[in-house]
Amino acid sequence: MSNIRRIGAASCGVAMLLVGAAIAHAQATERSVWSGVYTAEQAGRGKAAYDEQCAACHGASLTGGDVAPPLSGSAFLNNWNNTSAGDLFERIHTTMPQSAPGSLSGKTVSDIEAYMFQANGFPAGQVALPPSQPMMAGIKIVATKPAG
(Lines give C-alpha, C1' and ligand atoms only; values in the text may rest on other atoms or scores of the structure.)
Protein backbone atom coordinates (compact mmCIF):
# COMPACT_ATOMS: atom_id res chain seq x y z
CA MET A 1 0.00 0.00 0.00
CA SER A 2 2.85 2.42 0.72
CA ASN A 3 4.17 1.99 -2.86
CA ILE A 4 0.81 3.10 -4.22
CA ARG A 5 0.89 6.18 -1.98
CA ARG A 6 4.41 7.03 -3.15
CA ILE A 7 3.41 6.69 -6.80
CA GLY A 8 0.34 8.85 -6.20
CA ALA A 9 2.35 11.52 -4.41
CA ALA A 10 5.00 11.50 -7.14
CA SER A 11 2.34 11.81 -9.85
CA CYS A 12 0.74 14.72 -8.00
CA GLY A 13 4.13 16.43 -7.69
CA VAL A 14 4.84 16.01 -11.41
CA ALA A 15 1.41 17.41 -12.27
CA MET A 16 2.02 20.45 -10.07
CA LEU A 17 5.38 21.07 -11.75
CA LEU A 18 3.80 20.86 -15.21
CA VAL A 19 1.02 23.29 -14.28
CA GLY A 20 3.59 25.71 -12.82
CA ALA A 21 5.71 25.50 -15.97
CA ALA A 22 2.67 26.15 -18.17
CA ILE A 23 1.73 29.23 -16.15
CA ALA A 24 5.29 30.55 -16.24
CA HIS A 25 5.44 30.01 -20.02
CA ALA A 26 2.13 31.81 -20.55
CA GLN A 27 3.30 34.77 -18.48
CA ALA A 28 6.65 34.91 -20.28
CA THR A 29 4.95 34.95 -23.69
CA GLU A 30 2.31 37.59 -22.88
CA ARG A 31 1.87 39.72 -25.95
CA SER A 32 1.78 43.47 -26.01
CA VAL A 33 1.66 46.07 -28.75
CA TRP A 34 5.45 46.18 -28.47
CA SER A 35 5.79 42.63 -29.81
CA GLY A 36 4.77 43.33 -33.42
CA VAL A 37 1.06 42.49 -33.43
CA TYR A 38 0.16 43.96 -36.85
CA THR A 39 1.77 44.10 -40.29
CA ALA A 40 2.94 47.17 -42.19
CA GLU A 41 0.62 46.18 -45.04
CA GLN A 42 -2.32 46.05 -42.64
CA ALA A 43 -1.45 49.50 -41.29
CA GLY A 44 -1.40 50.80 -44.89
CA ARG A 45 -4.93 49.47 -45.45
CA GLY A 46 -5.88 50.95 -42.09
CA LYS A 47 -4.63 54.40 -43.09
CA ALA A 48 -6.82 54.33 -46.21
CA ALA A 49 -9.85 53.25 -44.14
CA TYR A 50 -9.04 55.81 -41.44
CA ASP A 51 -8.83 58.61 -44.02
CA GLU A 52 -12.25 57.59 -45.36
CA GLN A 53 -14.08 56.74 -42.11
CA CYS A 54 -12.36 58.57 -39.22
CA ALA A 55 -10.27 61.57 -40.26
CA ALA A 56 -13.22 63.97 -40.55
CA CYS A 57 -13.75 63.77 -36.77
CA HIS A 58 -10.40 62.57 -35.35
CA GLY A 59 -8.20 64.65 -37.65
CA ALA A 60 -5.98 63.70 -40.56
CA SER A 61 -3.04 63.12 -38.21
CA LEU A 62 -5.05 61.33 -35.47
CA THR A 63 -4.73 64.35 -33.16
CA GLY A 64 -8.45 64.69 -32.41
CA GLY A 65 -11.09 67.21 -33.34
CA ASP A 66 -13.68 69.45 -31.74
CA VAL A 67 -15.64 66.56 -30.25
CA ALA A 68 -13.46 63.53 -31.04
CA PRO A 69 -10.48 62.48 -28.90
CA PRO A 70 -6.97 62.00 -30.28
CA LEU A 71 -6.05 58.52 -31.44
CA SER A 72 -2.32 59.03 -31.07
CA GLY A 73 0.03 60.62 -28.60
CA SER A 74 0.09 60.84 -24.83
CA ALA A 75 -3.62 61.50 -24.30
CA PHE A 76 -4.55 58.39 -26.28
CA LEU A 77 -1.85 56.27 -24.63
CA ASN A 78 -2.79 57.41 -21.12
CA ASN A 79 -6.44 56.58 -21.81
CA TRP A 80 -5.77 53.09 -23.22
CA ASN A 81 -2.68 52.07 -21.21
CA ASN A 82 -3.02 48.60 -19.65
CA THR A 83 -6.17 47.75 -21.56
CA SER A 84 -6.31 45.26 -24.40
CA ALA A 85 -6.34 45.60 -28.15
CA GLY A 86 -9.65 43.73 -27.87
CA ASP A 87 -11.10 46.51 -25.70
CA LEU A 88 -10.10 49.09 -28.29
CA PHE A 89 -11.48 46.91 -31.09
CA GLU A 90 -14.83 46.63 -29.29
CA ARG A 91 -15.05 50.40 -28.76
CA ILE A 92 -14.34 51.14 -32.42
CA HIS A 93 -16.52 48.33 -33.75
CA THR A 94 -19.62 49.20 -31.73
CA THR A 95 -19.47 53.02 -31.65
CA MET A 96 -17.77 54.15 -34.86
CA PRO A 97 -18.15 55.90 -37.13
CA GLN A 98 -20.33 58.34 -35.28
CA SER A 99 -22.64 58.69 -38.28
CA ALA A 100 -23.15 54.91 -38.58
CA PRO A 101 -22.08 53.05 -35.40
CA GLY A 102 -21.36 49.36 -35.88
CA SER A 103 -21.17 49.59 -39.66
CA LEU A 104 -17.45 48.79 -40.03
CA SER A 105 -16.43 45.18 -40.67
CA GLY A 106 -14.10 43.43 -38.26
CA LYS A 107 -11.36 43.45 -40.89
CA THR A 108 -11.70 47.22 -41.40
CA VAL A 109 -11.62 47.83 -37.65
CA SER A 110 -8.49 45.70 -37.19
CA ASP A 111 -6.83 47.51 -40.12
CA ILE A 112 -7.64 50.91 -38.59
CA GLU A 113 -6.37 49.72 -35.22
CA ALA A 114 -3.12 48.59 -36.90
CA TYR A 115 -2.73 52.08 -38.36
CA MET A 116 -3.35 53.60 -34.93
CA PHE A 117 -0.67 51.34 -33.44
CA GLN A 118 1.76 52.37 -36.17
CA ALA A 119 0.98 56.06 -35.59
CA ASN A 120 1.73 55.56 -31.88
CA GLY A 121 5.16 54.10 -32.63
CA PHE A 122 4.45 50.44 -31.94
CA PRO A 123 6.48 48.15 -34.22
CA ALA A 124 5.03 46.11 -37.06
CA GLY A 125 5.43 42.34 -37.10
CA GLN A 126 4.84 39.39 -39.41
CA VAL A 127 1.22 38.56 -38.49
CA ALA A 128 -1.79 40.84 -38.93
CA LEU A 129 -4.12 41.79 -36.10
CA PRO A 130 -7.07 39.41 -36.17
CA PRO A 131 -10.49 40.77 -37.18
CA SER A 132 -12.35 40.05 -33.93
CA GLN A 133 -12.43 41.24 -30.33
CA PRO A 134 -11.93 37.86 -28.63
CA MET A 135 -8.85 37.13 -30.74
CA MET A 136 -7.31 40.47 -29.65
CA ALA A 137 -8.18 40.18 -25.96
CA GLY A 138 -4.72 38.78 -25.13
CA ILE A 139 -2.82 41.71 -26.64
CA LYS A 140 -2.07 44.37 -24.04
CA ILE A 141 -1.75 48.05 -24.88
CA VAL A 142 1.28 49.30 -22.94
CA ALA A 143 2.20 52.96 -23.33
CA THR A 144 5.88 52.61 -22.48
CA LYS A 145 8.20 50.16 -24.19
CA PRO A 146 9.19 47.42 -21.76
CA ALA A 147 12.89 47.14 -20.90
CA GLY A 148 14.85 44.40 -22.63
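We number each residue from 1, following the sequence as shown.
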Throw together a table of side-chain donor-acceptor distances under 3.5 angstrom for residues 117-127, partners on residues two or more places apart or in other chains.
residue: N120; atom: OD1; partner: G73; partner atom: N; Å: 2.9
residue: N120; atom: ND2; partner: L71; partner atom: O; Å: 3.0
residue: N120; atom: ND2; partner: M116; partner atom: O; Å: 2.8

List the residues meeting side chain to side chain donor-acceptor pair (under 3.5 Å) with [X], not counting sequence neighbours, and say none if there are none.
| X | result |
| --- | --- |
| S32 | none |
| S72 | none |
| K145 | none |
| N79 | none |

For [X] against [Y], the heavy-atom pair lying closest together:
| X | Y | answer |
| --- | --- | --- |
| F89 | V109 | CD1-CG1, 3.3 Å |
| A68 | C57 | CB-O, 3.2 Å |
| P131 | S110 | CA-OG, 3.8 Å |
| P130 | M136 | O-CE, 2.9 Å |

Quiz prompt | Separation between OG1 of T144 and CG of L77, rounded to the nearest 0.5 Å | solution =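 Between T144 OG1 and L77 CG, I get 8.0 Å after rounding to 0.5 Å.
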
Quiz item: For residues 99-118, which residue pairs qualify under salt bridge (Lys or Arg N to Asp or Glu O under 4.0 Å), counting only residues two or more places apart or in two chains?
Solution: R45-D111, K107-D111

Exercise. Kindly write out the residues that satisfy salt bridge (charged side-chain N to carboxylate O under 4.0 Å, His left out) with K140, not counting sequence neighbours, or none if the list is empty.
Key: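 K140 satisfies salt bridge (charged side-chain N to carboxylate O under 4.0 Å, His left out) with no residue once adjacent residues are dropped.
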
Exercise. Kindly write out the residues that satisfy salt bridge (charged side-chain N to carboxylate O under 4.0 Å, His left out) with E52, not counting sequence neighbours, or none if the list is empty.
Key: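 None.
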
Exercise. With sequence neighbours left out, write down each residue that passes side-chain contact (heavy atoms from CB on, under 4.5 Å) with S74, or none if nothing qualifies.
Key: N78

Exercise. For A56, check side-chain contact (heavy atoms from CB on, under 4.5 Å) against everything at least two apart and list the hits.
Key: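 If we apply the side-chain contact (heavy atoms from CB on, under 4.5 Å) test to A56, skipping adjacent residues, there are no hits.
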
Quiz item: Taking H58 for the side chain and T63 for the main chain, is one N or O donor matched with an acceptor at less than 3.5 Å?
Solution: no

I'd like a table of donor-acceptor pairs (distance under 3.5 Å, sequence neighbours excluded) in which one partner is a side-chain atom from residues 92-102, with atom names and distances.
residue: H93; atom: NE2; partner: L104; partner atom: O; Å: 3.2
residue: T94; atom: OG1; partner: E90; partner atom: O; Å: 2.8
residue: T95; atom: OG1; partner: R91; partner atom: O; Å: 2.5

Quiz prompt | Listed partners of Y38 passing ring pair (Phe, Tyr, Trp, His ring centres under 6.0 Å), at least two apart | solution = none

Quiz item: Are I139 and L129 side-chain neighbours, meaning at least one heavy-atom pair lies under 4.5 Å?
Solution: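 Answer yes - side chains close enough.
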
Quiz item: Are side-chain heavy atoms of F76 and L62 found at a separation under 4.5 Å?
Solution: no

Self-check item: same_hphob_cluster(M135, V37) at 4.5 Å side-chain heavy-atom cutoff
Solution: no

